[in-house]
Participant: 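This is the structure I have questions about; it appears just below.
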2 protein chains.
Amino acid sequence: MSTEDLLRLDLQLCFPLYAASRAMVQAYTPLLAKLGLTYPQYLVMLVLWETDGVTVKELGEKLYLDSGTLTPLLKRLETLGMLRRERSREDARSVTASLTPQGKALRRKAAAIPEAIACRTGLTLEELSRMRRDVQRLFEKLSKQ
Amino acid sequence: MSTEDLLRLDLQLCFPLYAASRAMVQAYTPLLAKLGLTYPQYLVMLVLWETDGVTVKELGEKLYLDSGTLTPLLKRLETLGMLRRERSREDARSVTASLTPQGKALRRKAAAIPEAIACRTGLTLEELSRMRRDVQRLFEKLSKQ
DNA sequence: TCCAATTGAATTGCGCGCAACTGAATTGGC
DNA sequence: GCCAATTCAGTTGCGCGCAATTCAATTGGA
């Protein structure tokens, strides 16, 4: 392939990835709007529904986001009444986010979302699983070093 | 799979996609910094290097971005001296972006980027090609309707 | 030839992402 | 026990993305 070709938009992997990621968020948006959440806020809630009471640092490690993104996002979720933020007693540098009853209750309303999205992709569960694994591997290659 | 499982972060396709897309942009960032470009600005340049003199509308159709994103982005590229923006004479509603000599010249410096990124993924050209096709198909499914 | 509907770009407002920095708390080497 | 180095959250600033709106130019039907 020539240098000419290598710069062609339709031959890049980055562009479909970028477009698909945005289209995925757009697919979630109307479903999440019913819960009053944005997509990144939904990711934080997924973590908290699995493991309540996590620090900003732990959230950052799971979601690959830093405090510059998470601090204002968590403040918004706190304002919405989904969680409480409080300084850790053991280590006053860290802040822990814990679900309110309302935040916990939202889980039931979110339960229908994954299947709705899976349907939208038109892929079988096996295809979805393989794709997730492949994209995950790509992420790991790109993120290390 | 239970509803419990369906909400697990590590079983979603959306999250690897979101993380990989951001990691891909991060991989480009230091390479593009040498050209003075951000990743979305680079995408606009890719379009212009293929087809010089496109309207905001055409750019939006190729990149799936709207004027709210493109107008300020194009103004920044104009300030950088990469392109000129001018009202079309045939239809005064539309605005055309055309490369300056400096914008055209930047292509040569960008020529090395695609291969550098391809190496970073650690995938063969066949694997990259298959992945691009799969992600492209996912995008098409998600974006229609 | 009107003029209502449509189109295209620009603007506004908001929520990310992220780099760079700040400041307080903790740790670890001596 | 001291203090330099590190860690953690928060802040600032900027560039997207995108919804919603505005406004001017064009189109198309009566």
Side-chain angles (χ1 to χ4, degrees), chain A residues 14-15 17-30 32-33 36-45 54-61 63-80 82-83 85-97 143, chain B residues 14-15 17-30 32-33 36-45 54-80 82 85-97 143:
Chain A
C14 67
F15 180 60
L17 197 64
Y18 166 80
S21 175
R22 287 189 295 126
M24 183 66 91
V25 171
Q26 300 252 44
Y28 274 88
T29 297
L32 292 175
L37 297 177
T38 66
Y39 179 74
Q41 289 167 5
Y42 171 69
L43 292 181
V44 167
M45 295 303 285
V54 294
T55 64
V56 174
K57 177 182 159 63
E58 288 164 344
L59 268 174
E61 284 166 356
L63 299 178
Y64 312 105
L65 292 170
D66 71 4
S67 66
T69 301
L70 287 173
T71 296
L73 189 157
L74 290 170
K75 283 183 179 174
R76 273 173 228 122
L77 284 175
E78 190 173 35
T79 302
L80 287 173
M82 297 300 165
L83 52 81
R85 297 183 318 127
E86 41 190 359
R87 287 271 156 203
S88 164
R89 243 166 250 83
E90 308 96 70
D91 187 339
R93 287 172 302 180
S94 63
V95 166
T96 300
S143 61
Chain B
C14 66
F15 180 60
L17 197 64
Y18 165 80
S21 176
R22 288 189 295 127
M24 182 66 91
V25 171
Q26 300 252 43
Y28 274 89
T29 298
L32 293 175
L37 297 178
T38 65
Y39 179 73
Q41 288 167 7
Y42 171 68
L43 292 181
V44 168
M45 295 303 285
V54 294
T55 64
V56 174
K57 177 182 159 63
E58 289 163 344
L59 268 173
E61 284 165 356
K62 285 178 194 288
L63 301 178
Y64 313 106
L65 292 170
D66 71 4
S67 66
T69 300
L70 288 173
T71 295
L73 190 157
L74 291 171
K75 283 183 179 174
R76 273 172 229 124
L77 285 175
E78 189 173 36
T79 302
L80 286 172
M82 298 299 166
R85 297 184 317 128
E86 41 189 0
R87 287 270 154 202
S88 164
R89 244 167 248 84
E90 308 96 70
D91 186 340
R93 287 172 302 181
S94 63
V95 166
T96 299
S143 61

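Worth knowing before you read on, the calculation uses all heavy atoms, side chains too, and leaves out hydrogens, waters and symmetry mates. By convention in this document, chain letters (A, B, ...) are assigned in the order of the sequence lines, proteins followed by strands, and residues within each chain are numbered from 1. No experiment lies behind these values; they were computed from the predicted model shown.
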Participant: Regarding B/Thr38, tell me which of base, sugar-phosphate or nothing describes its non-hydrogen contacts under 4.0 Å with the strands shown.
Facilitator: sugar-phosphate

Participant: Pick the closest DNA chain D nucleotide for A/Ala23 and for A/Val95 by heavy atoms, then say which residue is nearer the 5' end.
Facilitator: A/Val95

Participant: Classify A/Thr69 by what it touches in the nucleic acid, base, sugar-phosphate, or nothing, heavy-atom distance under 4.0 Å.
Facilitator: base

Participant: Using OP1 and OP2 only, check whether a side-chain N or O of A/Thr71 sits under 4.0 Å from D/dG10.
Facilitator: yes

Participant: As a test of reading the structure: which of C/dC16, C/dA9, D/dG17 is closest to the side chain of B/Leu65, going by heavy atoms?
Facilitator: D/dG17

Participant: Give B/Thr29 one of three labels, base, sugar-phosphate or nothing, depending on what nucleic acid heavy atoms sit under 4.0 Å from its own.
Facilitator: nothing

Participant: Report which part of the nucleic acid A/Leu73 touches: base, sugar-phosphate, or nothing (heavy-atom distance under 4.0 Å, all strands).
Facilitator: sugar-phosphate

Participant: Of A/Arg93 and A/Pro72, whose nearest nucleotide on DNA chain C comes first from the 5' end?
Facilitator: A/Pro72

Participant: Please state whether the phosphate of C/dC18, meaning OP1 or OP2, lies under 4.0 angstrom from any side-chain nitrogen or oxygen of B/Gln26.
Facilitator: yes

Participant: Below the 4.0 Å mark, does D/dC16 have OP1 or OP2 next to a side-chain nitrogen or oxygen of B/Arg76?
Facilitator: yes

Participant: Has the side chain of B/Ser67 got a donor or acceptor that lies under 3.5 Å from a partner of the other kind on the base of C/dA10?
Facilitator: yes

Participant: Would you mind reading off the distance between A/Glu61 atom CD and D/dT7 atom C1', rounded to a whole angstrom?
Facilitator: 12 Å

Participant: Can you work out whether A/Gly68 or B/Asp66 has the more 5'-proximal nearest nucleotide on DNA chain D?
Facilitator: A/Gly68

Participant: For C/dG17, does either OP1 or OP2 sit under 4.0 Å from a side-chain N or O belonging to B/Tyr18?
Facilitator: yes

Participant: Do the side chain of A/Arg85 and the main chain of A/Thr96 share a donor and acceptor less than 3.5 angstrom apart?
Facilitator: no

Participant: Give a yes/no on whether any side-chain N or O of A/Arg22 is located under 4.0 angstrom from OP1 or OP2 of D/dC18.
Facilitator: yes

Participant: B/Lys75 side chain N/O closer than 4.0 Å to the phosphate oxygens (OP1, OP2) of D/dC16?
Facilitator: no

Participant: Side chain of B/Gln41 only, heavy atoms from C-beta on: which candidate in D/dG15, C/dA9, C/dC18 is closest?
Facilitator: D/dG15

Participant: Reckon A/Asp91 touches a base, only the sugar-phosphate, or nothing at all at heavy-atom distances under 4.0 Å?
Facilitator: sugar-phosphate

Participant: Quick one: label B/Glu90 by what it contacts on the DNA or RNA (base, sugar-phosphate, nothing), any heavy atom closer than 4.0 Å.
Facilitator: sugar-phosphate

